[in-house]
Structures are given as structure tokens and as C-alpha cells.
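Here is the structure we will look at.
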Amino acid sequence: MSASGSTRLSLGFSLLLVVVIALLSLYFIDFEEVGWQLRQADTRYLALAGLMLLGGFVIHSLRWRNLLKRQTSIAETFHATNLGNLVNMILPMNPGDALRIWFVNRSSAIGVGQGTSSIVIERLFENIMRLLALSGMLVFGTGFINSTLSVVIGLAGFLGVILTVLIWMIKNRQRVLQSWPRILGRLPRLKQESVHQMLAELLDSLVAMSSPRQIAAATLNSFLAWGLFFGFHYFTLQALNFSISQQQMLALSLGTLMMIPPSSPALPGVFHAQIVLPFAALGISSSHLIAYAIVLHALEAGIILSLGLLALLFSGISLGDLLSRRGIAPAPVVSQLYSGD
């Protein structure tokens with residue numbers, strides 16, 4: 001199938017999914033109640049949430065520039081990241097990652113291998129931050145720990161453990177590749193050969209960062225970016241003035257951040273379903289959740305669209321070229337990376 005045909009199929013599937021979710025929403029959700037919730041929104045908190053999101057995107061792109069060893073300008077990595085987010089918000093399967101590699105290759109001659117390695121490392125840090133957000137959600141959601149200081153100390157300790165493990169893996173590469181695939185290959189649906197390949201790629205990418213200091217810098221950038229992303233989720237929820245406890249607000253903000261972080265934009269409809277379905281099952285009002293999802297997505301989509309259009313203006317690329325993926329050679333590389341082929 002041609003690139004344009006594949007894009008039309010992806011867009012068609014996305015549209016169908018949005019329509020199905022919208023029809024289900026009409027049946028199950030009281031939109032009059034949702035409308036009332038939206039009219040109560042505090043615009044001051046919404047403005048603060050938007051600033052948090054914008055700051056998070058800036059720090060996120062700076063981290064990627066550091067992973068590329070600063071061989072691109074700040075503007076190039078920022079615009080490339082914004083174009084990737086724009087495409088990921090429209091099309092499924094994260095084609096924006098391949099687009100980002102193509103863009104920096106086009107503007108700064110960053111090699112496909114180096115670009116792909118930087119994406120591998122970026123995904124590693126994103127998954128670590130997702131795990132941190134999940135841990136925070138469980139802590140606040142279950143009420144296991146009430147002290148904010150205890151939570152901060154626990155997260156800092158977890159971060160220290162992650163850094164130590166990554167540095168140890170780099171220094172003991174051969175030992176890791178000899179023993180870990182054999183152990184992990186015993187788990188269901190994991191093959192020793194694929195685990196070995198995955199670990200080798202990960203370690204090669206980590207070594208390419210050159211030093212533990214670079215890993216520490218990337219970790220700090222991740223923490224700052226996700227702290228701002230958390231602020232975006234939390235202050236959006238605060239703006240809606242729901243009748244829920246502070247503990248529930250923290251748990252809901254962290255839970256939605258873990259599931260749909262701004263660094264991995266989701267399709268309309270899919271975005272809303274990922275908020276409403278799991279948290280409604282936990283007893284939170286569906287009208288609260290859909291109002292939260294609508295405002296959260298509207299803010300995120302507005303900023304991503306604005307930044308994406310600015311990037312198009314900067315680069316001289318048309319949106320049609322992006323959606324058809326013409327000239328984006330690294331796409332198969334990244335697809336293989338994520339499929340494990």
C-alpha cells in the first residue's frame with residue numbers, strides 16, 4: 001500500500017473510532033450536567049495550566065536536544081518535537097517519532113541511527129516517569145501515605161535507584177547481556193533472542209550518551225518536564241472546582257498523567273475514553289470526568305496545534321506532506337524498533 005493510501009486508512013480508522021466513542025458518550029453521559037461543570041471553570045487556573053503545559057513541552061524538547069548531544073539548535077528540536085506531537089494527535093501508532101528523526105536529519109544532518117537511539121532513550125525515561133506517576137497515584141489513591149514529605153523522599157529514592165541501575169548496566173554491559181536474557185526469556189511471551197537484542201540496543205544507546213553525568217541530566221530534565229505536565233493536569237482539575245478531596249485530586253491528576261501524558265498525545269475520543277472509563281469504575285462521577293477530559297484535551301490540542309502550525313511556518317513543510325509522510329525515510333526503522341522485528 002502506498003504512503004498516501006496508508007495515511008487515508010489511518011485517518012479513516014481514527015475517524016471511525018472517534019464516531020463510535022461519541023455515539024457511546026451520547027448514550028451514557030449527561031451532557032447537561034457536563035455543560036454546567038464547564039461553565040464553572042476558573043479561567044485563572046486554566047491559564048496557569050496552559051503555561052505549565054507549554055513549559056513542559058519546552059523542557060521535553062531540551063531533553064531530546066541533550067540526547068542528540070546538542071548537535072541541533074534549540075529551535076530545531078523544539079519545532080521537530082511540536083511537529084511530532086501534532087501528527088501523533090491526528091494519526092495512530094505514533095508516526096511523529098519517525099517525523100522528528102527525519103526533521104533533524106533534514107535540518108542538522110543527524111544520522112538515522114543517532115536519532116533512533118535518542119528516541120529509544122527518551123522512551124526509557126518516559127516509561128520511568130509513567131511508573132513514578134503510577135506509584136504516586138497508588139499512594140494518594142489508597143491513602144497509604146498522607147505525608148507529602150514522605151512522598152517526595154520516596155520518589156527521590158526511587159529516582160536514585162533508577163539512576164544507579166542504569167549506570168551499573170552501562171559498566172557491566174557484558175554481564176547484563178549474558179545473564180539477563182536467559183532469566184527474562186523464561187517469562188511468558190518473551191524470547192531470549194529478542195530480549196538480548198532489546199537489551200543490546202538499550203545499552204548501546206545508553207553508552208552513546210557518553211557519561212553518567214548525561215544520564216543524570218536527562219533524568220533531571222524528565223523530572224522537570226513531567227513536574228510541569230503534572231501541574232497541567234492538576235491545575236486543570238483545580239479549575240473545575242469539583243467536590244472531591246485533595247487526595248482524590250492528586251490521585252486523579254497522577255493517574256491521567258500516567259495514562260495519557262502530553263508527550264504522547266492521544267486521538268480525540270480515545271483521549272476522553274482513557275479518562276472516563278477507568279476512573280468512573282473507581283466511583284468518580286462520569287460528568288466530572290468527561291468535563292475534566294474535555295477541558296484537558298481542549299487545552300492540550302490548542303497548544304499542540306498552535307505550536308505545530310508555528311513549526312510548519314518555520315520549516316516550510318506543508319501539513320499534507322506530513323500526513324502523507326513523503327520523504328520520511330526513518331519511519332520503517334522506528335516501526336521495527338517498536339514492533340521488535
Side-chain angles (χ1 to χ4, degrees), residues 47-91 94-112 114-126 129 205 208-209 214-215 217-233 257 260-266 297 299-319 321-323 325 327-331 334:
L48 181 57
L51 288 174
M52 289 278 186
L53 179 60
L54 182 59
F57 283 141
V58 171
I59 300 297
H60 187 260
S61 65
L62 289 176
R63 181 190 64 183
W64 188 40
R65 179 172 179 259
N66 288 335
L67 294 178
L68 292 170
K69 299 183 179 180
R70 302 187 179 186
Q71 294 179 20
T72 64
S73 69
I74 294 174
E76 285 169 345
T77 46
F78 185 59
H79 290 313
T81 301
N82 293 331
L83 285 175
N85 287 337
L86 178 62
V87 172
N88 284 341
M89 191 175 65
I90 299 171
L91 296 173
N94 288 328
D97 289 338
L99 171 64
R100 289 163 58 194
I101 297 172
W102 168 75
F103 188 91
V104 294
N105 174 265
R106 167 182 174 269
S107 58
S108 299
I110 297 291
V112 172
Q114 183 181 356
T116 302
S117 295
S118 70
I119 296 294
V120 172
I121 295 295
E122 184 178 85
R123 289 299 169 219
L124 170 66
F125 282 107
E126 291 293 281
M129 299 313 297
S205 299
M209 294 180 69
Q214 276 194 307
I215 296 176
T219 304
L220 178 60
N221 280 349
S222 300
F223 207 81
L224 289 173
W226 274 62
L228 290 166
F229 289 153
F230 166 73
F232 164 61
H233 281 244
L257 175 62
I260 42 174
S263 52
S264 296
H297 188 262
L299 276 174
E300 184 175 313
I303 289 176
I304 286 177
L305 180 61
S306 299
L307 293 175
L309 292 177
L310 180 64
L312 288 175
L313 183 63
F314 169 82
S315 63
I317 305 169
S318 72
L319 183 59
D321 286 339
L322 292 185
L323 294 180
R325 305 180 215 176
I328 304 180
V334 179

Seminar exercise, completed: In short, P262 meets H233 closest at the heavy-atom pair CD-NE2, 3.9 Å
For this session: Output the distance between atom CG (L86) and atom CG (L312), rounded to the nearest 0.5 Å.
Result: 6.5 Å
Seminar exercise, completed: Closest heavy-atom pair, G84 versus L99, reported as atoms and distance to 0.1 Å, is N-CD2, 4.0 Å
Exercise. A225 and G56: which non-hydrogen atoms are nearest, and at how many Å?
Worked result: CB-O, 3.9 Å
Seminar exercise, completed: In terms of heavy-atom contacts, L83 and A311 come closest through CG-CB, 3.5 Å
For this session: For the residue pair F232 and E300, establish whether any side-chain heavy-atom pair is separated by less than 4.5 Å.
Result: yes
For this session: To the nearest 0.5 angstrom, please state how far the OG atom of S118 sits from the CD1 atom of I101.
Result: 6.0 Å
Seminar exercise, completed: CG (L305) and CG (L310) are apart, to the nearest 0.5 Å, by 11.0 Å
Exercise. Taking the side chain from T77 and the backbone from I74, do they hold a donor-acceptor pair closer than 3.5 Å?
Worked result: yes
Problem set entry | Rounded distance (nearest 0.5 Å) linking atom CG of N85 with atom CG of D97 | 9.0 Å
Exercise. Quick one: are R123 and S264 in side-chain contact, heavy atoms under 4.5 Å?
Worked result: yes
Seminar exercise, completed: Rounded to the nearest 0.5 Å, the CG atom of L228 sits from the CG atom of L51 at a distance of 10.0 Å
Problem set entry | Side chain proximity check, N221 to N66, heavy atoms < 4.5 angstrom | yes
Exercise. Strictly by modelled atom types, are E126 and S263 linked by a side-chain donor-acceptor pair under 3.5 Å?
Worked result: yes
For this session: Have a look at L307 and tell me which of I303, I304, L309 forms a side chain to side chain contact (heavy atoms under 4.5 Å, CB included) with it.
Result: I303
Exercise. S73 and R65: which non-hydrogen atoms are nearest, and at how many Å?
Worked result: C-NE, 3.7 Å
Exercise. Side-chain donor-acceptor pair under 3.5 Å between T81 and W64, yes or no?
Worked result: no
Seminar exercise, completed: By salt bridge (charged side-chain N to carboxylate O under 4.0 Å, His left out), E122 pairs with (sequence neighbours left out) R63, R100
For this session: Could you pull out all residues at least two apart from F57 that satisfy ring-ring contact (aromatic ring centres under 6.0 Å, His included)?
Result: F229
Exercise. How many angstroms lie between atom CG of L62 and atom CZ of F78, to the nearest 0.5 angstrom?
Worked result: 9.0 Å
Exercise. Nearest heavy-atom pair of L299 and A49: which atoms, and what distance?
Worked result: CD1-CB, 4.2 Å
